[in-house]
Structures are given as structure tokens and as C-alpha cells.
Amino acid sequence: MSHAALRKSLLAWYRANRRDLPWRRTRDPYGIWISEAMLQQTRVETVLDYWPKFLQRFPNIAGLAAAREEDVLAAWSGLGYYRRARSLREAARAIVEKHGGEFPRERESVLDLPGIGPYTAGAVLSIAFDQREPLIDGNVARVFSRLFAIDDCLGTPKSERRLWDLARELLPRSQSPGDWNQALMEFGALVCTPRAPRCEECVLATHCAARIAGRVTELPRPKARPAVLDVELEVLIVRRGGSWLIEQRPEDAARMAGLWELPTREIGPATGLFRARWQPAGLFTPGREVGRVRHSITRHRIDVSVREATLAKRARLPAHFAWLRPRAESQLALTGMARKVLAFAN
DNA sequence: AAGCCGGGGTG
DNA sequence: CACCCAGGCTT
């Protein structure tokens, strides 16, 4: 299929099938940037809940730059990959410092911002500024690897180079590059899906190398995944009035730094994800188990034993403890696991 | 190049 | 269950 015919078919499909997503209703680079940061490794359905609230809370670059980090984390709470939130704020501050508060239009300047890599740079520049910049995300990688029967494992330098070369080559000259990039991603999300792709309704099927070779289900070749680790935790429900005792993770923690969680310790083999014993010792008297909760954090599969507990008499709580008042959850940067356990215990 | 970061939906 | 999602950063 000629590039021209390919573009025509896919753009026609996109015009007829594109979802009406809220961030597709704006041309504001700030809103588009926020959506792209949220969408990193995160499903559209999840972002639908967070994007409007985040924009209401931090309406523009200056507002985000002036915000306290804990407030940005609170708005991000539950989305995961919390470095994205910190980077967003840092990048907003850099834009105020170096670019007069206006989102930069030069690719190199955009790539200099923390949290923005090749994908996000291409997305914001093409969608917000109509620049002829390509992008590769998980969807586009899958579409291309099938369309052109690329055998190399995803993630290798060879396949990366090939994918970006293709993306650059296919980018239309006379049509909106933002629409084209979004058409590719939308097609991957709705038709050329990871499993059970809808080849019967695929407008590119007759020209799909994988389809012609009968290899759709074996492409793309996935990259090897790290082994899963099992973690066993004990989490305490300590009530005072209607409040719950919560504990802040250290600022220098490798993961979820500074976020709030319920008092937690690892029961099984230590992974370093959570502390090994209650701190300080003797503070809690654990009571009965009220239930178990399953959770996962990246490659860790977590089995949580939720226990009621009481504080020792005349306990002196260290400063990293606090009481979470009812209905104050939304204003605090709780971990997703803490939200899950609280919802369960309620 | 490989490992790491959250959390959840889906087949 | 396994897989992977509008990735980026660090080593």
C-alpha cells in the first residue's frame, strides 16, 4: 500500500471512529501536556477521572509552578508513578524560569523538561502546535510491527530505530500531524489491540504484512519481563474517633516517597518496599484480622493482612504519623494501597 | 541494555 | 492468572 493510500484510509477511519475525549477538545498545550503525562503507562479510562480535577486545581503552568509538591501529589494520588507528578511541577517551574511561562515550541527545549521524553515531546508538539513531529507509543509500536511485520523484540535499539524511522516517514505533509498521530494511537487502542485484534473490521487488513502472513497473533514479539515477587504485609487500622492513623513514607524512599499510608510492615521475606517492623517498637498492640486485600505495585504482588490495632498507653507518636479525618482523603497524597485498604475497612 | 517505578482492566 | 497500558529515568 502506498503511503498516501495508507494515510487516507487511516485518517478516514479516525474521523469516523475517534472517541470524544476531553483533552481532544482543547488546543491548550498545558492541558494536552498534562493529559500526555497522565496517559504514560495509564489507561484512558483512568485518566478521564483525574484530568478534569487536576486542571481545575492547577489551571495553568503558573498555577502548577506555584503549587506545593504535596498538593500536586494529592491530586495525583492513586495514579501511580509518582515521579510523573513531581516532574510535572518541576517542569512547570522550569517553563516559568526559562520560557516566560509559555510552553516551549522547540523540540530540544521540550525534551529538556523533566518527565518529557521522545513520546511526550512528539505528542505535545504535534497535537498542540501542529508541528510535523512523529511519536511512538505502545499502540503505534504494535500497529507498525504488524503492518510491516517487524520481527525484532519491542524495546531493542534496532526496533526502536525502525519504528521511529517509519513514524517520521509516514507523517503526512498536508494533513494535521496531531490528527495523524492520534489516529495511529486510536487505531491501536480500538482495532489493532494487543489480544484479539479486530482484523475483520480493519481498514488496513488487506495491506497488513502480519495479516497476509498469518502472523498477527505472534506480533509484536514482546520483551522479556522481570520475575514477579511476592510480598506479605500487615497493615493496621488504628481508629480515634472517626479518624485513622496514617504514616508518611520517608522523603528519600525509593518509591512513593513522601506519600501517606496506613502503618505497614512486611511479614514475609524483606523486599525493602516497606519497613520490616513497627516503628517505634511497642507502639501498637495488633488485634484481630478484619480481612485481606490484594494489591500490586509494579512487579510486586502484595497480600495484605488488615488488622485492627490499638495504640500503647501514653504513646508518643513520632512526627511522621498523623490522623486522617473522615472525608479528608481527597486532600492528601495517599498511596493507592492505602485507599484500597481504607475503602475495604469502611 | 536493563531495571525500576503504580495501579488496574481485560481476555 | 498473564499481559500491558498515549513512558521516562537511572545505572
Side-chain angles (χ1 to χ4, degrees), chain A residues 18-19 21 23-24 32-51 73 76-88 90-91 110-124 126-127 134-143 153-160 163 167 178 180-190 192-198 217 220-231 249 253-257 259 261 271-273 293-302 333-341:
Chain A
R18 69 194 293 252
R19 289 170 290 181
L21 304 174
W23 46 89
R24 286 186 175 154
I32 291 168
W33 168 39
I34 300 300
S35 77
E36 294 301 341
M38 287 186 170
L39 286 161
Q40 289 169 14
Q41 298 295 287
T42 307
R43 294 186 147 61
V44 165
E45 294 70 33
T46 306
V47 174
L48 284 174
D49 297 331
Y50 283 83
W51 187 78
L73 285 170
W76 203 268
S77 170
L79 259 185
Y81 286 129
Y82 295 97
R83 184 166 55 193
R84 292 184 293 176
R86 299 176 210 277
S87 297
L88 227 35
E90 287 310 308
V110 175
L111 283 172
D112 265 344
L113 297 170
I116 297 190
Y119 164 77
T120 306
V124 177
S126 65
I127 297 170
L135 60 76
I136 296 290
D137 76 329
N139 288 307
V140 184
R142 184 174 56 257
V143 171
C153 282
L154 290 185
T156 64
K158 193 177 173 202
S159 76
E160 285 298 298
L163 290 170
W180 170 251
N181 284 334
Q182 293 186 84
L184 279 170
M185 294 191 282
E186 193 81 333
F187 190 73
L190 299 182
C192 196
T193 51
R195 286 169 297 183
R198 297 162 173 76
T217 54
R221 284 176 56 191
K223 47 185 149 190
R225 279 176 201 293
V228 171
L229 299 178
D230 288 308
V231 184
R249 296 175 63 81
R255 345 175 204 235
M256 302 172 283
L259 269 72
E261 60 189 4
T271 65
L273 217 59
V293 171
R294 300 285 303 175
H295 189 67
S296 66
I297 296 178
T298 61
R299 50 192 280 233
H300 305 271
R301 324 247 328 160
I302 304 174
L334 289 166
T335 65
M337 190 171 75
R339 290 190 185 283
K340 195 184 284 186
V341 172

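Every chain is numbered from 1, with letters handed out A, B, ... down the list of sequences.
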What's the gap between [N] and [M] when it is taken at their [atom1] atoms, as a whole Å value?
N	M	atom1	answer
dG11(B)	dA6(C)	P	13 Å
dC3(C)	dG6(B)	C1'	16 Å
dC9(C)	dG8(B)	P	24 Å

Hey, does [X] reach any base, or is it just sugar-phosphate, or nothing, if we go heavy atoms under 4.0 Å?
X	result
G155(A)	nothing
M38(A)	nothing
T156(A)	nothing
R86(A)	nothing
L154(A)	nothing
W76(A)	nothing

Think [X] has a side-chain N or O under 4.0 angstrom from the OP1 or OP2 of [N]?
X	N	value
T120(A)	dG8(C)	yes
H295(A)	dG7(B)	yes
Y82(A)	dG7(B)	yes
Q41(A)	dC5(C)	no
K340(A)	dG6(B)	no
R225(A)	dC3(C)	no

Worksheet item: What about Y119(A), does its side chain sit under 3.5 Å from the base of dG7(C) through a donor-acceptor pair?
Response: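 No pair found.
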Nearest 0.5 Å, please: how far is [atom2] in [Y] from [atom1] in [X]?
X	Y	atom1	atom2	answer
I34(A)	W51(A)	CD1	CH2	9.5 Å
R299(A)	R225(A)	CZ	CZ	12.5 Å
R195(A)	T217(A)	CZ	OG1	13.0 Å
T46(A)	L79(A)	OG1	CG	7.5 Å
I116(A)	L88(A)	CD1	CG	8.0 Å
R249(A)	E261(A)	CZ	CD	4.5 Å

Nearest whole Å is fine: how far is [N] [atom2] from [X] [atom1]?
X	N	atom1	atom2	value
N181(A)	dG7(C)	CG	P	13 Å
H300(A)	dG8(B)	NE2	P	16 Å
R299(A)	dA2(B)	CZ	P	15 Å
L259(A)	dG7(B)	CG	C1'	13 Å
R301(A)	dA2(C)	CZ	P	7 Å
F187(A)	dA6(C)	CZ	C1'	16 Å
L48(A)	dA6(C)	CG	P	12 Å
L88(A)	dG8(C)	CG	P	12 Å

Worksheet item: Is R142(A) reaching over with its side chain to a backbone N or O of G188(A), donor-acceptor style, under 3.5 angstrom?
Response: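 Yes; judged by distance alone, with no hydrogens or angles, the pair exists.
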Worksheet item: Does Y50(A) reach the main-chain N or O of S35(A) with its side chain, forming a donor-acceptor pair under 3.5 Å?
Response: no
Practice prompt. Run the numbers on R24(A) and Q182(A) for side-chain hydrogen bond (donor to acceptor under 3.5 Å, both in side chains), then give the verdict.
Written response: CA-CA 10 Å; R24(A) 286 186 175 154; Q182(A) 293 186 84; 3.0 Å; yes
Worksheet item: What nucleotide, of dG7(C), dC4(C), dG6(B), holds the atom closest to the side chain of D137(A)?
Response: dG7(C)
Item to complete: Ignoring hydrogens and angles, state whether a donor on the side chain of E36(A) or Y119(A) is under 3.5 Å from an acceptor on the partner side chain.
Response: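 On atom types as modelled, these side chains qualify, holding a pair under 3.5 Å.
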Discussion item. Is it true that R84(A) and T42(A) share a donor-acceptor pair across their side chains at a distance under 3.5 Å?
Written reply: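 Short answer, yes.
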Enumerate all atom pairs, one protein N or O and one N or O from nucleotides 9-11 of chain C, separated by less than 3.5 Å.
from   : atom 1 : to      : atom 2 : distance (Å)
dC9(C) : OP1    : G115(A) : N      : 2.7
dC9(C) : O4'    : R83(A)  : NH2    : 3.2

Worksheet item: Quick one: on DNA chain C, does P220(A) or G138(A) contact a more 5' nucleotide (nearest heavy atom)?
Response: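 The 5'-side residue here is P220(A).
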Response to the item:
The residue, K158(A) or M256(A), whose nearest nucleotide of DNA chain B is more 5′ is K158(A)
Dump the pairs, protein N or O against N or O of nucleotides 9-11 of chain B, anything under 3.5 Å, distances to one decimal.
from    : atom 1 : to      : atom 2 : distance (Å)
dT10(B) : O2     : R195(A) : NH2    : 3.1

